[in-house]
*Asks:* 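Please see the structure below; I have some questions.
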Amino acid sequence: MNAELILSEHIAAIVNTLYGLQTEPQSVVLQKTKKEFEGDLTLVVFPYVKASKAGPEQTAQQIGEALKARCADVHAFNVVKGFLNISFTDAFWLQTLKNMAATKHFGTKAAGSSGKTIMLEYSSPNTNKPLHLGHIRNNLLGYSVSQLLKTQGHHVIKANLVNDRGIHICKSMLAWKKFGNGETPKSSGMKGDHLVGKYYVEFDKAYKREIQELIAAGQSKEEAEKNAPMMKETQDMLRQWEAGDTATIDLWKTMNGWVYEGFTQTYNMLGVDFDKMYYESNTYLLGKELVQDGLAKGVFYKKEDGSVRIDLSKEGLDEKVVLRSDGTSVYITQDLGTAIERFKEFPELNQLIYTVGNEQDYHFKVLFKILEKLGYAWAKECYHLSYGMVELPEGKMKSREGTVVDADDLIHVMIQTARETTEQLGKTEGLAEHELQHLYITVGLGALKYFILKVDPKKKMLFDPKESIDFNGHTGPFIQYTHARICSILRKAESLFSTFEVNTSLTLHARERELIRSLYEFPAVLSEAANGYNPGLAANYIYELTKLFNQFYHDCPVLKEENEAIRKLRLSLSETTANVIKTGMNTLGIDVPERM
RNA sequence: GGUCCGGUAGCUCAGCUGGAUAGAGCAGCUGCCUUCUAAGCAGCAGGCCAUUGGUUCGAAUCCAAUCCGGAUCACCA
């Protein structure tokens, strides 16, 4: 029942007999007919004019006539220049709708049906400061891609590798010890991650003061940065941590605990979750033994200074250190170790995806190349889901300059705006208080998530805090609103009519046909979005579909339609549209309300 | 400097495996609520697809060069 498949088989056969070609059906290129022309699918006939020894119009005419003669689903065709526009019969589209309406979870493949297991790592925050807008993009993207992969029948393990150790955490710890006076989230009323973030800023202030003093005392900037007591103490603290000093470890656990409580709240608001938590404090030593392995295999080599390196200059990359001269490992060593560990832990793993910003493109190139050189066959199944930075009108967000857009603040503003808008419109009488609260969250976050996910992940995106995120037009709430409208019809219809059946001998209204055609594309869109790791494709499709529904809604009465068969068709069409909107938005992690 | 990514309406973005007159939304202007939710629908206006050359029946799309912006090239993570 696939429109493209039907046509391409017939067309291949036609051009082969007519023009003596040997065209495969797969190589017949069809495209959606442009809106301003009559038709469903369009064949560009230029590739065949040489063989047909006729002009483009004539060739198109010939193919069109042959097609209509041999394919019962083809209703009509027209030729514009070299373009053959083909229309299917209404019966074909009605049958298509009937099938879609009868398919449970239309557009998605059954869970686990692909037999593929994919680990997708995302979020991976540092525990020294709260989440900001950049993390939001990461979280939403990672979660959405995991949802998209699931629609293709893959088993997905969502993983979060928390960077819970290192010099930056020690900075917050040191500042808290020095200036904190025992402050806790409880005593301050602050969310734990924000409290720890506050001391990270405190550290920076104190550190900068010390540097200024040392410079004033005659040291160079570099010397001052190295010699500042705050920095020395932090490094001491890191050493104590690594040595397992009880007091340091206790403080570390306490403060990380605060951060986790805060993160959990933010994750819950964003509606993202994880199947597997990893902590760098457990994994940072991984990968060291691998260095021996790499040396033995001749992949790595040891320099005179004792450091171990790999030369990737032949691959167009540089020389990369994998073990410092003091024998400690660097970031990439850990990453090598954890990757290998994960394939050991999950032998069924087919793919490993890292959701990390494009500033680390180079890092992942090197990482995957080293894994390949070490002889791991799965190295080619590692993928860097790289995304662009979120920028402000002034440029990049800089935490030190206080220009970051805080995740919790932004979420709060979105929910607040959703409340104000909803109250202004006043369409929610009868909803209980907890339902209203839920609605504000759904709409506020719907706006935020859609705003971020509709943009191609690869591209950097701009966020202007002065212009709040819209609720009209190409937005999440527009789509949610349409869904609520459909639900309203369906609620009323339920009490009136029992079944929404499709009579395939009806004549379609142009709006109906457009809508069915759009619904029909849904499975292909989901698979394309999943294969390209691009939620933006799904987001833009849902918007197009929603716009079409609103036109249909405007032009075609549903409940008020007097012809029963047409009314039932429209109800079925409405219901299928609502399902597709819901399923589609679900891949974006966006909930759709039944009333708003 | 090497490598990589990007440059489409005033603004934010689609379109990029070559196809018809380059699309949306916002902002601006104009209509449409006694009729299934106006968070909607319809319309007007807005463009040298950074520039130049090439490939061909055809280029926003592919190639090259140039200009502009960003990232990266740590014994940081």
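The sequence lines fix the lettering, A, B, ..., with proteins before strands; numbering per chain opens at 1. This is a predicted model, so every value here is computed, not measured.
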*Asks:* Under 3.5 Å between N/O atoms: give me all the protein pairs with nucleotides 11-16 of chain B, atom names plus distance.
*Replies:*
unit_1: B:C13; atom_1: OP1; unit_2: A:L462; atom_2: N; d: 2.6
unit_1: B:A14; atom_1: OP1; unit_2: A:D456; atom_2: N; d: 2.7
unit_1: B:A14; atom_1: OP2; unit_2: A:K459; atom_2: NZ; d: 3.3
unit_1: B:C16; atom_1: N4; unit_2: A:K459; atom_2: NZ; d: 3.1

*Asks:* Go ahead and name the base partner of B:A24; Watson-Crick or wobble counts if both distances stay under 3.5 Å, otherwise write none.
*Replies:* B:U12

*Asks:* Between B:C4, B:C41, B:C36, which one does the side chain of A:I489 approach most closely?
*Replies:* B:C36

*Asks:* Hey, are A:E315 and A:K365 close enough for a salt bridge, meaning a charged N less than 4.0 Å from a carboxylate O?
*Replies:* no

*Asks:* Can you confirm whether the side chains of A:T42 and A:N85 place a donor and an acceptor under 3.5 Å from each other?
*Replies:* yes

*Asks:* With the side chain of A:E280 defined as its heavy atoms from C-beta on, choose the nearest nucleotide among B:A77, B:U72, B:A38.
*Replies:* B:A77

*Asks:* Do A:S172 and A:N128 get their side chains close enough for a donor-acceptor pair, meaning under 3.5 Å?
*Replies:* no

*Asks:* Kindly give the heavy-atom pair with the smallest separation between A:P465 and A:V405, and that separation in Å.
*Replies:* CG-CG2, 4.3 Å

*Asks:* Out of B:U37, B:C73, B:C36, which nucleotide sits closest to the side chain of A:R485?
*Replies:* B:U37

*Asks:* When you check the phosphate oxygens OP1 and OP2 of B:U37, does a side-chain N or O of A:S488 lie under 4.0 Å from one of them?
*Replies:* yes

*Asks:* Look up atom OG in A:S468 and atom CG in A:L448, then write down how far apart they are to the nearest 0.5 Å.
*Replies:* 12.0 Å

*Asks:* All N/O contacts under 3.5 Å from nucleotides 18-23 of chain B to the protein, with atom names and distances to one decimal?
*Replies:*
unit_1: B:A20; atom_1: OP2; unit_2: A:K34; atom_2: NZ; d: 3.2
unit_1: B:A20; atom_1: N6; unit_2: A:T42; atom_2: OG1; d: 3.0
unit_1: B:A20; atom_1: N6; unit_2: A:N85; atom_2: OD1; d: 3.1
unit_1: B:A20; atom_1: N1; unit_2: A:N85; atom_2: OD1; d: 3.2
unit_1: B:A20; atom_1: N1; unit_2: A:N85; atom_2: ND2; d: 3.4
unit_1: B:U21; atom_1: OP1; unit_2: A:K81; atom_2: NZ; d: 3.3

*Asks:* Between the protein and nucleotides 27-35 of chain B, list every N/O to N/O distance that falls short of 3.5 Å.
*Replies:*
unit_1: B:U35; atom_1: O3'; unit_2: A:K560; atom_2: NZ; d: 3.4
unit_1: B:U35; atom_1: O2'; unit_2: A:K560; atom_2: NZ; d: 2.4

*Asks:* Closest approach to the side chain of A:K365, judged atom by atom: which nucleotide of B:C41, B:A77, B:U3 is it?
*Replies:* B:U3

*Asks:* In terms of side-chain heavy atoms of A:K492, which of B:A42, B:U37, B:G40 is nearest?
*Replies:* B:U37

*Asks:* Under 4.0 Å between any heavy atoms, over every strand shown, what does A:C556 touch: base, sugar-phosphate, or nothing? Just pick one.
*Replies:* base

*Asks:* Any chance the side chains of A:Q62 and A:Y19 put a donor and an acceptor closer than 3.5 Å?
*Replies:* yes

*Asks:* Between P on B:A74 and CG on A:L317, what's the gap in Å once rounded to a whole number?
*Replies:* 12 Å

*Asks:* Should A:D236 and A:K232 count as an ion pair when the cut-off is N to O under 4.0 Å?
*Replies:* no

*Asks:* For the pair made of CD in A:E225 and C1' in B:A74, what is the distance, rounded to whole Å?
*Replies:* 15 Å

*Asks:* Check this for me: does any side-chain nitrogen of one of A:E435 and A:R595 sit under 4.0 Å from a carboxylate oxygen of the other?
*Replies:* no

*Asks:* Mind checking if A:E594 touches a base, just sugar-phosphate, or nothing, with heavy atoms under 4.0 Å?
*Replies:* base

*Asks:* With no hydrogens and no angle check, do the side chains of A:S281 and A:D164 hold a donor and an acceptor under 3.5 Å apart?
*Replies:* yes

*Asks:* Ring centres of A:Y354 and A:F364 under 6.0 Å apart?
*Replies:* yes

*Asks:* Assign A:N126 to base, sugar-phosphate, or nothing according to its heavy-atom contacts below 4.0 angstrom with the strands shown.
*Replies:* nothing

*Asks:* Specify the closest pair of heavy atoms between A:F263 and A:P125, including all atoms of both residues, with the distance to one decimal.
*Replies:* CE1-CG, 3.5 Å

*Asks:* Give A:T422 one of three labels, base, sugar-phosphate or nothing, depending on what nucleic acid heavy atoms sit under 4.0 Å from its own.
*Replies:* base

*Asks:* How far does CG of A:L367 sit from NZ of A:K320, to the nearest 0.5 angstrom?
*Replies:* 10.0 Å

